[in-house]
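Written below as structure tokens is the structure these notes are about.
Numbered from 1 within each chain, the chains take letters A, B, ... in sequence-line order.
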Amino acid sequence: MLELNFLRENREEVEQRLNKRNIDAKTLLDTARDLDDARRATQTELDARLNELNGLSRTIGDLMKAGKKEEAEAARARTTELKTSTAALKDKLDSAEKALHDHLCTIPNAPNAKVPVGKTPEENTVVMEEGAVPVLHDGAKPHWELAEHYGLFSLDLGVKLTGAGFPVYSGQGAKLQRALISFFLDKATEAGYREIIPPHMVNAESAFATGQLPDKEGQMYHATADGLYLIPTAEVPITNLYRDEIVEAAQLPIKLVGYTPCFRREAGSYGAHVRGLNRVHQFDKVEIVRIEKPENSYAVLEEMVEHVKGLLRALELPYRQLLLCGGDMGFASAMTYDMEVYSAAQKRWLEVSSISNFETFQSNRLKLKFKEEKKNRLAHTLNGSALALARIVAALLENNQTPEGIRIPKALQPYTGFAMITR
RNA sequence: GGAGAGGUGGCAGAGCGGUUGAAUGCGGCGGUCUUGAAAACCGCUUUACCCGAAAGGGUAACGGGGGUUCGAAUCCCUCCCUCUCCGCCA
């Protein structure tokens with residue numbers, strides 16, 4: 001949620017930035033201003049009445065103490081009108097606040113100046129590309145066929161247990177999964193991130209604070225009996241650790257990392273491009289989260305990208321970095337880089353990481369501030385996948401296949417305990 | 001699941017209808033003293049919003065929500081949470 005005051009004081013800038021999303025920013029902002037004006041007027045009036053009522057109550061108290069019963073009764077009579085009018089004004093204020101809040105919830109974050117204009121993924125900017133695309137042997141297979149051949153994971157078994165899109169990993173496939181998680185966690189820990197194991201379900205408050213509710217309600221699994229949501233990413237519980245907190249400036253930066261399974265309902269879309277591990281309802285991901293001072297956040301975004309690049313290099317995967325255009329960015333983000341790896345058998349790029357700066361969009365909902373020189377300021381939050389497993393596995397299997405088996409990158413071998421996946 | 005106790009400021013802990021946003025202690029910040037430090041002493045020390053150029057003024061908040069009352073941290077209802085005992089259990 002954008003900050004109301006920032007939005008009022010920097011109207012021109014915010015409108016220009018929002019326009020990159022191809023939305024009617026002018027109308028959205030005009031409405032916000034009007035709703036806020038109405039709210040302020042109501043509160044000013046309410047406060048004045050309440051002030052009067054409080055004064056009367058104090059007078060009555062004093063008169064009672066002094067034993068002046070008749071005068072107290074007279075004063076009491078005058079409170080009746082005030083009580084009904086303040087009650088009405090309170091209702092009016094409540095609905096004005098709700099209307100404003102609901103409206104603000106519909107406004108996405110304002111893209112950073114560097115974000116390119118564009119409507120579709122085709123208009124994203126390729127920032128850089130690195131690593132050689134491997135030349136595969138004849139008869140190279142896509143990863144779902146490799147999985148079957150080597151017994152690494154099964155989607156059919158997942159259907160039996162749960163439904164479509166829930167892979168069951170086994171044998172070397174399961175070991176590879178665990179190896180990657182450990183490898184990513186260790187790398188993040190080396191880089192100074194503190195490891196967190198959070199709950200895999202969150203309440204509605206948490207889901208709201210990071211921006212999943214109300215706009216992405218349909219994408220989360222919802223346990224209605226308890227009002228809980230299965231997390232779509234570790235970002236949700238980990239960032240919410242700092243909900244309703246005011247931290248000392250000296251405590252920043254806060255660097256957290258967590259591994260969790262991620263659950264996504266992902267309505268729609270079937271066919272070849274969602275086969276295998278390309279798009280599943282449950283996958284594993286290691287997420288890095290940062291809480292930063294505003295003046296540092298964009299440098300930190302680049303630092304996080306470098307961290308992810310380091311992982312991809314260590315895994316010897318060809319990858320590219322994309323700067324998302326306004327039309328392709330997530331609702332809560334001010335600027336997002338996507339990292340994609342090339343999956344050689346499918347001959348396509350797979351998104352394996354999304355690294356975003358949310359500026360104060362999340363912290364405003366979280367009420368996450370830091371104290372600097374006696375002033376409380378909203379912190380900037382950032383997060384990024386480092387990395388998302390399922391698609392990394394897909395690329396790893398496809399790119400490293402040989403007639404003799406599937407080669408495990410050197411960096412990973414200490415974690416897997418084997419150098420080659422074989423039958 | 002059954003029975004009981006309780007949720008107050010950064011922490012501990014009073015208050016149980018009338019200037020109580022809240023005693024007191026600890027912690028923190030500033031000052032006096034000191035060669036320096038400690039001790040002692042003095043002052044300050046929650047958050048959000050509204051009006052205002054500012055100075056300043058006002059409103060709200062004692063787990064959440066609702067009610068009673070001229071007035072509630074204090075009384076009532078309800079929900080949530082924590083603790084103790086019993087039961088069950090990875």
(request) Searching all strands shown, indicate the nucleotide that pairs with B:rU74 (Watson-Crick or G-U wobble; both distances under 3.5 Å). (result) none
(request) Go ahead and name the base partner of B:rC26; Watson-Crick or wobble counts if both distances stay under 3.5 Å, otherwise write none. (result) B:rG10
(request) In whole angstrom, give me the gap between the P atoms of B:rG9 and B:rA23. (result) 12 Å
(request) Please check if any side-chain donor atom of A:Thr360 sits under 3.5 Å from a side-chain acceptor atom of A:Glu3, or the reverse. (result) yes
(request) Determine, stepwise, if the pair A:His307 / A:Lys187 fulfils side-chain contact (heavy atoms from CB on, under 4.5 Å). (result) CA-CA 9 Å; A:His307 179 78; A:Lys187 285 293 182 187; 4.3 Å; yes
(request) Please determine, by modelled atom types, if A:Ser206 and A:Arg243 share a side-chain donor-acceptor pair under 3.5 angstrom. (result) yes
(message) For the C1' atoms, the ones on B:rC62 and on B:rC16, what distance do you get once it is rounded to whole angstrom?
(response) 12 Å
(message) Counting the atoms with a prime plus P, OP1 and OP2 as sugar-phosphate, which does A:Thr79 contact under 4.0 Å by heavy atoms, base, sugar-phosphate, or nothing?
(response) sugar-phosphate
(message) Please report the distance, rounded to the nearest Å, between CG in A:Asp94 and C1' in B:rU59.
(response) 14 Å
(request) Tell me whether the guanidinium CZ or amine NZ of A:Arg377 lies under 6.0 angstrom from the six-membered ring centre of A:Phe370 and within 45° of its axis. (result) no
(request) Taking atom P in both B:rA55 and B:rC41, compute the distance separating them and give it to the nearest angstrom. (result) 35 Å
(message) Checking A:Lys285 against A:Thr233: is there a side-chain donor and acceptor pair closer than 3.5 Å?
(response) yes
(message) Distance check, C1' atoms only: B:rC83 and B:rG63, in whole angstrom units.
(response) 15 Å
(request) Grab the CG-C1' distance between A:Asp36 and B:rC51 for me, whole Å please. (result) 14 Å
(request) For B:rA90 versus B:rU84, give the span between their C1' atoms, rounded off to a whole number of Å. (result) 23 Å
(request) Answer whether the closest heavy-atom distance between the side chains of A:Asn296 and A:Pro253 falls below 4.5 Å. (result) no
(request) In whole angstrom, give the distance that lies between atom CZ of A:Arg243 and atom P of B:rU47. (result) 20 Å
(request) Compute the ring centroids of A:His380 and A:Tyr242, then answer whether they are less than 6.0 Å apart. (result) no
(request) Would you mind telling me which residue lines up with the more 5' stretch of RNA chain B, A:Leu56 or A:Glu97, judged by nearest nucleotide? (result) A:Glu97
(message) Minimum heavy-atom separation for A:Pro108 and A:Leu18, please, with both atom names.
(response) O-CD2, 3.4 Å
(request) Mind calculating the distance between NZ (A:Lys371) and C1' (B:rU47) to the nearest angstrom? (result) 9 Å
(request) Tell me which nucleotide among B:rC51, B:rU47, B:rU59 gets nearest to the side chain of A:Asn54. (result) B:rU59
(message) Taking only side-chain N and O atoms of A:Arg39, does any of them lie within less than 4.0 angstrom of OP1 or OP2 on B:rC50?
(response) yes
(message) Is there a side-chain contact between A:Arg40 and the phosphate of B:rC50, meaning an N or O under 4.0 Å from OP1 or OP2?
(response) yes
(request) Mark yes or no for a side-chain to base donor-acceptor pair under 3.5 Å between A:Asp47 and B:rG58, with no hydrogen or angle criteria applied. (result) yes
(message) Roughly how many Å apart are B:rU8 and B:rA61, using the C1' atom of each and rounding to a whole number?
(response) 12 Å
(message) For the C1' atoms, the ones on B:rC29 and on B:rG10, what distance do you get once it is rounded to whole angstrom?
(response) 13 Å
(request) Determine the Euclidean distance between corresponding C1' atoms of B:rU74 and B:rG1; express it in Å to zero decimal places. (result) 34 Å
(message) When you measure from the side-chain N and O atoms of A:Lys367 to the phosphate of B:rU47, is any distance below 4.0 Å, counting only OP1 and OP2?
(response) no
(request) Check the distance between B:rG10's P and A:Asp244's CG and give it to me in whole angstrom. (result) 12 Å
(message) Strictly by Watson-Crick or wobble contacts shorter than 3.5 Å, is anything paired with B:rU82, and which nucleotide is it?
(response) B:rA5
(message) Within the 3.5 Å criterion, strictly below it, is a donor on A:Tyr229 or A:Asn203 matched to an acceptor on the partner's side chain?
(response) no
(message) Using whole Å, what does the distance between atom P of nucleotide B:rU47 and atom CD1 of A:Ile246 come to?
(response) 5 Å
(request) Return the nucleotide paired to B:rU20: Watson-Crick means purine N1 to pyrimidine N3 with N6-O4 or O6-N4, wobble means G-U with N1-O2 and O6-N3, both under 3.5 Å. (result) none
Below 3.5 Å is the cut-off: list the nitrogen or oxygen pairs between protein and nucleotides 80-83 of chain B, distance only.
none

(request) Would you mind telling me which of B:rC51, B:rU69, B:rA48 lies closest to the side-chain atoms of A:Asn376? (result) B:rA48
(message) Checking base pairs now: Watson-Crick or wobble, both atom distances under 3.5 Å. What partners B:rC49?
(response) B:rG58
(message) Within the 3.5 Å criterion, strictly below it, is a donor on A:Gln177 or A:Asp284 matched to an acceptor on the partner's side chain?
(response) yes
(request) Using a heavy-atom cut-off of under 4.0 Å over every strand shown, decide if A:Ile60 touches base, sugar-phosphate, or nothing. (result) base
(message) Measure CD/A:Gln43 against P/B:rC51 and give the value in whole Å, please.
(response) 8 Å
(request) Could you check which nucleotide pairs with B:rC33 in any of the strands shown, counting Watson-Crick or G-U wobble with both distances under 3.5 Å? (result) none
(request) Could you state the atom-to-atom distance from NZ of A:Lys90 to C1' of B:rA61 in whole Å? (result) 11 Å
